[in-house]
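Only one structure is covered here, and it is reproduced in the block below.
Throughout, a chain's letter reflects where its sequence line sits, starting with A, and its residues are numbered from 1.
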2 protein chains.
Amino acid sequence: MVDTKTAILDAAEHLFSSKGFDATSLRDINAIAQVNLAAVNYHFGSKDGLIQSVLERRIVPLNIERLRLLDQCEARLGNDALPLNEILEALIAPAVRLSRDPKAGGEDFMRLLGRLFIEPNPKVQTILEALFGETGRRFIKALKQSLPNLPEVELFWRVNFATGAMAHTLCDTSRLEFISGGVCDPNDAEGIIHRLVAFIAAGMREPVSATHTL
Amino acid sequence: MVDTKTAILDAAEHLFSSKGFDATSLRDINAIAQVNLAAVNYHFGSKDGLIQSVLERRIVPLNIERLRLLDQCEARLGNDALPLNEILEALIAPAVRLSRDPKAGGEDFMRLLGRLFIEPNPKVQTILEALFGETGRRFIKALKQSLPNLPEVELFWRVNFATGAMAHTLCDTSRLEFISGGVCDPNDAEGIIHRLVAFIAAGMREPVSATHTL
DNA sequence: GTCTATAGAACGATAGAC
DNA sequence: GTCTATCGTTCTATAGAC
């Protein structure tokens, strides 16, 4: 038997991701966690405090692992610019592995995160900036060094596209399997990492072309 | 003054996208639309009927325009495989233009759509499949013909990545501007189309490489 | 077709016993 | 730290006057 706080976090993660934050009541959570109605307010202060704890539990270790992989590359290569694919892999691999790890509530958590990323609510955005800001800046810096000839404006746009490709893949588990008629296996974490890194790297490396007219 | 139904649709689109479906009450909608509390139930039957109408109003014309552009390419080129960039542009351009058109509630609608795409609710997924299924299959068929050497499993994965890049860009209006320190202009629809098509086309065309080991 | 009024249910949060 | 009980609020939906 897990402790009360963990039981609440597990239930909340699952329900927030599958029903959405607003559609999930504390009563739903407490019913699944087998705890009392007052337990959430006792342990987390409020429903807002609960979502903050749900996010921190996964994102803090995730970004530690990402930066560890990035540091490891840098240590190996000294002051040279890192190879693009290795930077992307340090960014992507920990997230994909987490999203496919059933022990970590994987796909549940990533879908929740995907929801929150398009949430205009300023309070949510503040939480996400606090959790991802520094890691994001570290990776953008590494990408800039790796692609010195790419103008900054193009780099930012491409990072944005890459974020979308990654986020959508992390969130979506069943649609691709359905659309592809079962050809694609959403549980093949290493295959996803390889394909996603290759796709993004190709887009990142593409020479900048002049705007063409229709 | 617009009619009651349109006023409700406009208000609902804005509120569903900014607060989420569940967090938006009919009272919120009716307050903004300046109509009565019972008006939604009268015109749309229920809150579910309202979201269906909100989606149909934008998606049906959007997909008609996408298929029109695709048909136009095919008519011009006969039985040849269409150029990859033209297919992608037929898919992407109408959506980007819609998302940047303030008259069409653009960014509001796309954010709502982005939310719904990661909604596991089967009812929502059924609505989306009905609205997007046929158009999606037409474009996948065209992409297959355009990339005859790409194995089907790789094509589906890449379509998935492309969908994510596009969806994230359509939803997100402010984060990129913030992260880039104002370098990227989220209102430059034609620039976005050009960059997004180039990024996705590069990823689509990338030769398939063997899985490498870490 | 548009309103008022309200039914009936669920919500977040808290007080206070143990 | 965990419980019961409940307060005050808000919700969707509908009944029925006009």
Expressed in angstrom and rounded to an integer, what is the separation of [X] atom [atom1] from [N] atom [atom2]?
X: R27(A); N: dC11(C); atom1: CZ; atom2: P; value: 6 Å
X: D22(B); N: dG12(C); atom1: CG; atom2: C1'; value: 16 Å
X: I29(A); N: dC11(C); atom1: CD1; atom2: C1'; value: 12 Å
X: L26(A); N: dT10(D); atom1: CG; atom2: P; value: 17 Å
X: N30(A); N: dA13(C); atom1: CG; atom2: C1'; value: 12 Å
X: N41(A); N: dA13(C); atom1: CG; atom2: P; value: 5 Å

side-chain hydrogen bond (donor to acceptor under 3.5 Å, both in side chains): pairs with one or both residues in residues 7-18 of chain A, sequence neighbours excluded: D10(A)-R57(A), E13(A)-R58(A), H14(A)-D108(A), S17(A)-D108(A)

Using the side-chain hydrogen bond (donor to acceptor under 3.5 Å, both in side chains) rule, collect all pairs that involve residues 60-71 of chain A, keeping only residues at least two apart or in two chains.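 Qualifying pairs, neighbours excluded: N63(A)-R66(A), E65(A)-R68(A), R68(A)-Q72(A), D71(A)-R138(A).
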
Show me the pairs that pass salt bridge (Lys or Arg N to Asp or Glu O under 4.0 Å) and involve residues 40-56 of chain B, at least two apart or across chains. D48(B)-K123(B)

Give me each pair satisfying ring pair (Phe, Tyr, Trp, His ring centres under 6.0 Å) with a member in residues 15-70 of chain A, each pair once, sequence neighbours excluded.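 Ring pair (Phe, Tyr, Trp, His ring centres under 6.0 Å) check on residues 15-70 of chain A returns F16(A)-F21(A).
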
Partners of F132(A) by ring-ring contact (aromatic ring centres under 6.0 Å, His included), sequence neighbours excluded?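 By the ring-ring contact (aromatic ring centres under 6.0 Å, His included) rule, F132(A) matches F117(A).
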
Scan nucleotides 1-5 of chain C against the protein and return all N/O pairs shorter than 3.5 Å with their distances rounded to 0.1 Å.
{"from": "dG1(C)", "atom 1": "OP2", "to": "Y42(B)", "atom 2": "OH", "distance (Å)": "3.0"}
{"from": "dT2(C)", "atom 1": "OP1", "to": "T4(B)", "atom 2": "OG1", "distance (Å)": "3.4"}
{"from": "dT2(C)", "atom 1": "OP2", "to": "H43(B)", "atom 2": "NE2", "distance (Å)": "3.0"}
{"from": "dC3(C)", "atom 1": "OP2", "to": "N36(B)", "atom 2": "N", "distance (Å)": "3.4"}
{"from": "dT4(C)", "atom 1": "OP2", "to": "N36(B)", "atom 2": "ND2", "distance (Å)": "3.0"}

Any side-chain N or O of S25(A) below 4.0 angstrom from OP1/OP2 of dA10(C)?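 Indeed not, no polar side-chain atom of S25(A) lies that close.
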
Please check if the side chain of R100(B) supplies one atom and the backbone of N187(B) the other of a donor-acceptor pair under 3.5 Å.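 Looks like no, no N/O pair under 3.5 Å.
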
